[in-house]
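Here the structure comes first, spelled out in structure tokens, and everything after it is commentary.
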There are 2 protein chains.
Amino acid sequence: MTISENKTSLCSGNICPCQEKCPLSAALEIIGGKWKIPILCALYNDGPTRYNALRKKIKGVTNTMLASSLKELEADGLILRTQYNEMPLRVEYELTKNTNRLIPILGSLSAWGKDIKN
Amino acid sequence: MTISENKTSLCSGNICPCQEKCPLSAALEIIGGKWKIPILCALYNDGPTRYNALRKKIKGVTNTMLASSLKELEADGLILRTQYNEMPLRVEYELTKNTNRLIPILGSLSAWGKDIKN
DNA sequence: TATAGTACCAACCTAAATGCTTGTAAACTA
DNA sequence: TAGTTTACAAGCATTTAGGTTGGTACTATA
């Protein structure tokens, strides 16, 4: 019945639609939400950036959303938080190596999203 | 001030974080939501599939969600709906060419999502 | 002492996404 | 003619994401 073809697996062994989390859905959840991509893009474009500088660059974001999104991105290993105990306090955020491997994939997605509009 | 480097642009001209929609965010919105990826995976794995077959394969999906997700995917050009006026009515859904170009990108995302867990 | 800057947190509320239940049309089948 | 199957749709409830407001702790500078 089921013919085993040499297709690219989207779920690495598990067949989607899966009950347990597949890595694809996991990845999309990590970068999902309204502010994650703008944050990643800002850090990608400008390198290490301070909290308030991010607030100014990302139009419309609130303290609540920026702080919680940064926390989640840090917990997921996508960004690195470095605190300098100066006065006043300085905190810088930057992309990690994991995220740099993600960038070209997002680039492809962006190109696909551009094409599909035509 | 701004040094023009030869980085991959994620937003094709516009600099994220952007006020207007960038193609990357557009792409993520199209494939976002709880059921879009399971639907695409099911159609990718099994080819043209009927409505009720999708319901059985995708565990936990409701009629409301399946019907509305299919409609959105069709409106966005990701799936093709074909109706056969037999008795009883038969409707089949399948991926379009646009979606087939998306598959390898999702494969990369999946691989990245798998790696990041370690 | 007063003011201002930095990096956040917490409580509350709204709006959007998702879920549940029931209903319907069309056409065969017994 | 009643029942069955298929592919949905409408209405309402619930859950979750996101937004608003206001505040904290620390320290420097005037």
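A note on names: the letters A, B, ... follow the listed sequences, proteins ahead of strands, and every chain is numbered from 1.
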Exercise. Between A:E72 and A:K36, is a salt bridge (Lys or Arg N to Asp or Glu O under 4.0 Å) present by the stated rule, with each step listed?
Worked result: CA-CA 9 Å; A:E72 286 177 25; A:K36 301 281 185 73; 3.0 Å; yes

Exercise. For A:N98, does its backbone N or O pair with a side-chain atom of B:W112 as donor and acceptor, under 3.5 Å?
Worked result: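 Side chain of B:W112 to backbone of A:N98: a pair is present.
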
Problem set entry | Short side-chain to backbone donor-acceptor contact, B:S110 and B:L106, under 3.5 Å |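 A pair under 3.5 Å: no.
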
Exercise. Could you state the interatomic distance from OH (B:Y84) to CG (B:L89), rounded to the nearest 0.5 Å?
Worked result: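 Separation between the atoms: 11.5 Å.
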
For this session: Please list, in 5' to 3' order, the outermost nucleotides of DNA chain C lying under 4.0 Å from any heavy atom of chain A.
Result: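 Under 4.0 Å from chain A, the extent on DNA chain C is C:dT6 to C:dA10.
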
Every protein N/O lying under 3.5 Å from an N/O of nucleotides 11-13 of chain D:
none

For this session: Could you check A:T82, A:L80, A:L43, A:I39 and say which one makes a side chain to side chain contact (heavy atoms under 4.5 Å, CB included) with A:Y93?
Result: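 It is A:L43; the other options fail the test.
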
Exercise. Between A:M87 and A:K34, which has a closest nucleotide on DNA chain D that is more 5'?
Worked result: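 The answer here is A:K34.
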
Exercise. If we only count heavy atoms from C-beta on, is the A:L73 to A:T99 side-chain gap below 4.5 Å?
Worked result: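 No, their side chains stay 4.5 Å or more apart.
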
Problem set entry | Contact summary for A:G113 and B:A27, nearest pair of heavy atoms |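 Nearest heavy atoms, A:G113 then B:A27: CA-CB, 4.0 Å.
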
For this session: Apply side chain to side chain contact (heavy atoms under 4.5 Å, CB included) to the pair A:V91 and A:R81, showing each step before the final yes or no.
Result: CA-CA 7 Å; A:V91 176; A:R81 192 193 113 113; 3.7 Å; yes

For this session: Take the protein atom OH of A:Y84 and the nucleotide atom P of D:dC26, then report the distance between them rounded to whole Å.
Result: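 Those two atoms, OH and P, are 22 Å apart.
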
Problem set entry | Between C1' of D:dG19 and CD1 of A:I58, the distance in whole Å |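 Answer to the nearest Å: 16 Å.
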
Nucleotide N/O to protein N/O under 3.5 Å, stretch nucleotides 5-8 of chain D:
from: D:dT6; atom 1: O3'; to: B:R50; atom 2: NH2; distance (Å): 3.2
from: D:dT6; atom 1: O3'; to: B:L89; atom 2: O; distance (Å): 3.1
from: D:dA7; atom 1: OP1; to: B:R50; atom 2: NE; distance (Å): 3.2
from: D:dA7; atom 1: OP1; to: B:R50; atom 2: NH2; distance (Å): 3.3
from: D:dA7; atom 1: OP1; to: B:V91; atom 2: N; distance (Å): 3.2
from: D:dA7; atom 1: OP2; to: B:N52; atom 2: N; distance (Å): 3.2
from: D:dC8; atom 1: OP1; to: B:R81; atom 2: NH1; distance (Å): 2.3
from: D:dC8; atom 1: OP2; to: B:R81; atom 2: NH1; distance (Å): 3.4
from: D:dC8; atom 1: OP2; to: B:Y93; atom 2: OH; distance (Å): 2.4
from: D:dC8; atom 1: N4; to: B:N63; atom 2: ND2; distance (Å): 2.9

